[in-house]
Amino acid sequence: PQAIILYYRSDDQVAEQFLSENAQEYVEAGGVLLISANGALPLEKWFPDYDTAVKWSGYEYDSTRRTTSIGDSLEQSGSQDLVRILGEGISPPSGYDPLGEGWEVLATMAMATGEDTAYLLQKRIGKGRLILTTSALGTLGGFEVFGNNCVSNIPPLAEALLLPVSLEQP
């Protein structure tokens, strides 16, 4: 499948316009859109025909910054490199709680409250997939699992997620 990886920040007007005008049609047609973001994310604006709402966790993370769970589809995908990386790496400092139906949580982290929040999740949109992560994907993040000091961890992520991953069908 074709894929777009987007490092999104809310003050990026070019990305905002692109997503508002193209995201739903692109993903519905079979594209994969991987968005790296932190903070409020207006997915319901970009995907108005789908229940995509998420809530950002904020930065009140547990000091261990470890992955607390890995989704079954990743465990079963054959990507043992990615499963190892997620299990051993430092998690990003925040996550997204899915509010809409149909999200598949791929990796979670502990928050200071003791609750877990997703930092890697995906949702089927038409024939394609929307993937969210709070990792900076090599642009920042230091030694977090996909941070700028761990860019060698990004190819296993891309291989596992940008190739078809089984999702439960509605």
Side-chain angles (χ1 to χ4, degrees), residues 1-10 12 15-57 67 69-87 89 91-92 94-109 116-139 141 144-146 151 153-170:
Q2 295 182 345
I4 295 174
I5 299 174
L6 179 69
Y7 180 72
Y8 176 79
R9 293 300 167 254
S10 60
D12 185 342
E16 181 69 36
Q17 182 176 351
F18 168 80
L19 291 166
S20 294
E21 295 174 1
N22 301 293
Q24 182 169 303
E25 183 179 340
Y26 170 76
V27 176
E28 281 179 331
V32 177
L33 177 58
L34 170 56
I35 300 175
S36 163
N38 281 288
L41 202 53
L43 294 174
E44 60 281 355
K45 178 179 172 185
W46 305 334
F47 297 93
D49 297 337
Y50 296 88
D51 191 9
T52 55
V54 294
K55 180 182 178 191
W56 184 56
S57 67
T67 297
S69 70
I70 298 172
D72 290 342
S73 68
L74 286 183
E75 292 274 9
Q76 298 166 6
S77 71
S79 179
Q80 295 310 308
D81 285 344
L82 180 58
V83 170
R84 179 188 52 74
I85 288 165
L86 293 172
S91 73
S94 67
Y96 284 106
D97 295 313
L99 302 176
E101 303 252 343
W103 283 102
E104 179 186 6
V105 173
L106 301 174
T108 63
M109 57 176 277
D116 283 355
T117 189
Y119 71 86
L120 184 60
L121 58 163
Q122 68 180 351
K123 181 178 179 80
R124 183 168 298 286
I125 304 281
K127 296 177 182 174
R129 287 179 295 129
L130 169 63
I131 303 168
L132 296 181
T133 185
T134 51
S135 172
L137 292 179
T139 58
E144 77 175 39
V145 67
F146 305 113
V151 294
N153 291 345
I154 296 173
L157 173 74
E159 180 180 289
L161 294 183
L162 302 183
L163 297 174
V165 175
S166 66
L167 286 173
E168 292 183 24
Q169 295 296 320

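These numbers come from the heavy atoms of this one structure, side chains and all, not from hydrogens, waters or symmetry mates.
With Q24 contributing its side chain and D49 its backbone, the two residues share a donor-acceptor pair below 3.5 Å. In this structure, Y96 contributes its side chain and G39 its backbone to a donor-acceptor pair below 3.5 Å. In this structure a side-chain-to-backbone donor-acceptor pair under 3.5 Å is missing from K45 to E16. A distance-only check finds a donor-acceptor pair linking the side chain of N22 to the backbone of F18 [under 3.5 Å].
Rounding to the nearest 0.5 angstrom, the gap separating the CD atom in Q122 from the CG atom in L33 is 12.5 Å. Residue L86 holds its CG atom at 10.0 Å from OG of S69, rounded to the nearest 0.5 Å. The distance from the CG atom of L74 to the CD atom of Q80 is 10.0 Å, given to the nearest 0.5 Å. Atoms CD1 and CG, from I5 and L34 in turn, are 5.0 Å apart once rounded to the nearest 0.5 Å. If you take OG1 on T133 and CZ on F146, they are separated by 6.5 Å, rounding to the nearest 0.5 Å. Taking CZ from F47 and OG1 from T52, the interatomic distance works out to 7.0 Å, rounded to the nearest 0.5 Å.
Side-chain contact between L6 and L19 is present, with heavy atoms from C-beta onward closer than 4.5 Å. Under the 4.5 Å side-chain criterion, counting only non-hydrogen atoms from C-beta, L41 is not in contact with W56. Residues V145 and S91 have side chains not in contact (no heavy-atom distance under 4.5 Å, counting atoms from C-beta outward). Side-chain contact between L120 and L161 is present, with heavy atoms from C-beta onward closer than 4.5 Å. Looking at D51 and W103, their side chains never come closer than 4.5 Å, going by heavy atoms from C-beta outward.
Y50 pairs in a side chain to side chain donor-acceptor pair (under 3.5 Å) with only one of the listed residues (E101, E44, R124, E28), which is E28.
Summarising the geometry of D97 relative to T117, their closest heavy-atom pair is OD1-OG1, 2.8 Å, with the distance given to 0.1 Å. For the residue pair V151 and G138, the shortest heavy atom distance occurs at CG1-CA, 3.8 Å. Across all non-hydrogen atoms, the minimal contact from A136 to G141 is CB-N, 4.2 Å. The two residues L130 and I35 make their nearest non-hydrogen contact at CD1-CD1, 3.9 Å. Across every non-hydrogen atom of P156 and N153, the tightest pair is CD-O, 3.2 Å. Pairing each heavy atom of A160 with each of L82, the nearest pair is CB-CD2, 3.5 Å.
Environment of CD in E25: sparse, with no more than 12 heavy atoms of neighbouring residues, nucleotides or ligands closer than 6.0 Å.
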W46/S20 under side chain to side chain contact (heavy atoms under 4.5 Å, CB included): CA gap, chis, key distance, verdict: CA-CA 5 Å; W46 305 334; S20 294; 3.6 Å; yes

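In this model, no donor atom of one side chain and acceptor atom of the other lie less than 3.5 Å apart for Y26 and Q2. In the model, S94 has no side-chain atom that pairs as donor or acceptor with a side-chain atom of S57 under 3.5 Å. In this model, no donor atom of one side chain and acceptor atom of the other lie less than 3.5 Å apart for E159 and S79.
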